[in-house]
Amino acid sequence: MSEDPHYQQLLEDYRKLQLRVTRFSATEQELINTRDRLDSELLLYKRLHEFNLQALTLSSQESFFRFTTEYIVDLFEVEVGLIMFSRNVTGEILFFKEGNIALTQEQEGLMNEWGKRFLAMMNEHGEKRTVVLYNQDFSKGLDRPSTVELGICYKDTDPDGLHSICLAGIVTKANAPLYAIQPDRIRTIFSVFAQQVIAISQNRRKTEELRKINSELDNFVYSVSHDLRSPLLSVKGILSLVFDLQQIEPEAEQYLRMAETSINRLDGIIQEILTYSRNSRMEVQPEWLNVEEMAEEVYEDIRFSTESQVRFIKDIQTDSLIYSDHARVNVLLRNIIGNAVKYRNKKIKDQFVKFRLFSEDQQLVMEVSDNGEGIPADRIDKIFDMFYRGTKNSTGTGLGLYIVKEIIIKMNGHIHVDSSEGEGTTFTIRLPILNPKV
Amino acid sequence: MRLYMLIDDVDVFNKVHGKVISLADPDASVTCFLSSVEALNYLKEAIRQQETPDFIFLDINMPEINGFELLDQLKELYPAETDALQVYMLTSSLDERDVLRSEGYAAIKGYYSKPLTKDIIQSLIE
């Protein structure tokens, strides 16, 4: 009997199978061990047949999933991430692929219990270890789930990586025979999935178009501002040469100074339009910055250009290293501290600007107070309006505080002003404390 | 004698800046270039002859090749010599990206907004 090549082949198949298939029952094992040819052969045939049937179903389902996934990737150019794992009958994972998974709670609701457990494991242990752990979980006999589980998620290739959506579907339930898988069910899962992919990819296309327009506009504003500025600056240079001449008629100098003022004003407007346009189109880009140093630099620059004697007082009550948008915070300080210096009370001796920094209720508070001219009560509501200038002595463009307000809105912050004419003004800026992504 | 090199496609700037330099530095010898490509060729030759200018004022936005491209092309041929140059960007650009980009060049020793002033020249000579 042992020489029978046919039986040898069968045994070999069985041994291969045994590596992968669940244990035989004690009676079955005994049957095989006794090598009663007829019974044992029949049993092995039966087992092999079952196994083959399962493997066939398994592989057909698997290729269906693979096909669908690849098809969707090709068709919609969407990066598809997978939590895709199929198992043989012993619960070993045969095929596994991890995707980039970030789910909202709502999307997690689409996953079954095992998908969630798997995801939690993956977050905690990483891909390779998870497979091991998951298999161990099975061997402990925890309500023995499916023989095939396939999950799928896709990540929108938005550069910000903000939209990741996942749909994980379970194909077979615990103890259900593999050939009971309903192809219709899988198709339903995938048609829902495909619809979502279509919707997302359409959205993405629109977002991309918008991004393109934005970037074109950015380049346009950039080159226009550059082209507008360039001749202005050349006139400025020429004027500086004129003022340097040994002989210049006082009246002529007066007119040319007026021309210089106008040029500076026009240049200021161009610069502010650029700042405004940047703020409205660019996302907040937080980074680590030292706000104390920044305020000091801003103050020094302004003091230098206005040749003022204003004192700068610092009161730093929190870590001055903050995580925020460098360019925007700089514009805020430049405007608020700049105004404090510009509208100082020239009639008094000890002019000061006080910069206070503290945190309160999860917010960073920057307070700039001065003992300057102050703002008349009837004008205080208008100071943040576009092109509004509160004083006839204003050399500004009327855009500064408007831009400040727009920046505050963009940064989800808040600004408050207290002022009394002749006594001084206090601007209080509150910005949410951001946490850098780890 | 200090050698100054001005590279700007706008003639008025070269004239104004040249005048500012000669007012601020009596020992100045100024060479102006309207074409960035010609300026590049001049610098190649200057490096070969080991007679590089003391100060180079370079505009960013220019036809043919811009200021950064000029430095890139020069550095490809003469890396060490290019880094050792005293280049000062002189521009009417308000774009932060240009400032950031400048920081990546060892050759660029400063970044100024137009127009050039006597104060700048005096601080450089000191």
Side-chain angles (χ1 to χ4, degrees), chain A residues 215 217-246 259-260 263-264 266-279 281-282 285 287 289 294 297 301 304-305 307 325-331 334 399 403, chain B residues 4 6-26 28 30 32-34 36 57-64 66-69 88-103 110-123:
Chain A
S215 127
L217 193 64
D218 193 39
N219 286 334
F220 175 75
V221 172
Y222 169 68
S223 53
V224 164
S225 67
H226 175 268
D227 292 350
L228 283 177
R229 267 197 104 203
S230 183
L232 272 188
L233 298 180
S234 73
V235 175
K236 225 170 146 174
I238 295 166
L239 284 175
S240 77
L241 287 178
V242 174
F243 296 134
D244 216 71
L245 292 174
Q246 296 291 323
E260 192 186 31
I263 286 165
N264 286 339
L266 186 49
D267 188 27
I269 293 175
I270 294 172
Q271 293 194 34
E272 285 183 340
I273 287 174
L274 193 68
T275 312
Y276 169 75
S277 141
R278 279 277 152 76
N279 177 60
R281 280 174 297 106
M282 312 250 293
Q285 294 168 323
E287 60 186 297
L289 58 100
M294 201 188 254
E297 274 171 30
D301 282 356
F304 182 74
S305 63
E307 293 169 359
D325 188 306
H326 188 283
R328 285 187 172 89
V329 171
N330 195 34
V331 173
R334 207 159 277 283
L399 279 170
I403 291 170
Chain B
Y4 290 78
L6 294 173
I7 309 163
D8 198 312
D9 61 304
V10 179
D11 195 29
V12 181
F13 278 120
N14 283 336
K15 288 215 166 75
V16 170
H17 294 157
K19 186 71 187 170
V20 168
I21 290 169
S22 55
L23 284 171
D25 182 1
V30 185
C32 301
F33 287 88
L34 283 169
S36 47
F57 291 99
L58 180 60
D59 187 22
I60 295 178
N61 293 283
M62 287 183 285
E64 294 181 298
N66 70 31
F68 292 119
E69 288 161 349
Y88 297 88
M89 298 314 267
L90 193 57
T91 172
S92 40
S93 163
L94 286 170
D95 198 318
E96 271 201 355
R97 287 170 293 189
D98 286 336
V99 184
L100 286 175
R101 196 170 167 192
S102 295
E103 285 166 6
Y111 189 98
Y112 297 110
S113 178
K114 286 177 188 173
L116 196 59
T117 62
K118 287 204 286 183
D119 292 344
I120 294 174
I121 299 298
Q122 268 145 12
S123 70

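Since the model is a prediction, treat every value here as computed from it, not as a measurement. Protein chains get the first letters and strands the later ones, always in sequence-line order, with residue 1 at the start of each.
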- Task: Please report the shortest heavy-atom distance between A/Ser234 and B/Val16, naming the atom on each side.
- Result: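 Heavy-atom minimum between the residues: O-CG2, 4.4 Å.
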- Closest non-hydrogen atom pair, A/Arg229 against B/Ser113: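 Scanning both residues, the minimum pair turns out to be NH2-OG, 3.9 Å.
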- Quick one: what part of A/Leu274 sits under 4.5 Å from any heavy atom of chain B, side chain, backbone, both or neither?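 It is the side chain, since no backbone atom gets that close.
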- Enter the distance from A/Ser240:OG to B/His17:NE2 here, rounded to the nearest 0.5 Å.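 A/Ser240 OG to B/His17 NE2: 8.0 Å, rounded to 0.5 Å.
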- Query: Considering only heavy atoms, which portion of B/Val12 lies under 4.5 Å from any heavy atom of chain A: side chain, backbone, both, or neither?
  - Reply: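 The side chain, not the backbone.
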- Message: Between B/Asp98 and chain A, with a heavy-atom cut-off of 4.5 Å, which part of the residue counts as in contact: side chain, backbone, both or neither?
- Response: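 B/Asp98 touches chain A through side-chain heavy atoms alone.
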- Lys/Arg-Asp/Glu bridge criterion (N-O < 4.0 Å) met for A/Asp244, B/Lys19: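 Answer for the salt bridge query: no.
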- Task: Against chain A, work out which of B/Leu23, B/Ile60, B/Thr91, B/Val10 has the most heavy-atom pairs shorter than 4.5 Å and name it.
- Result: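 Option with the greatest count: B/Leu23.
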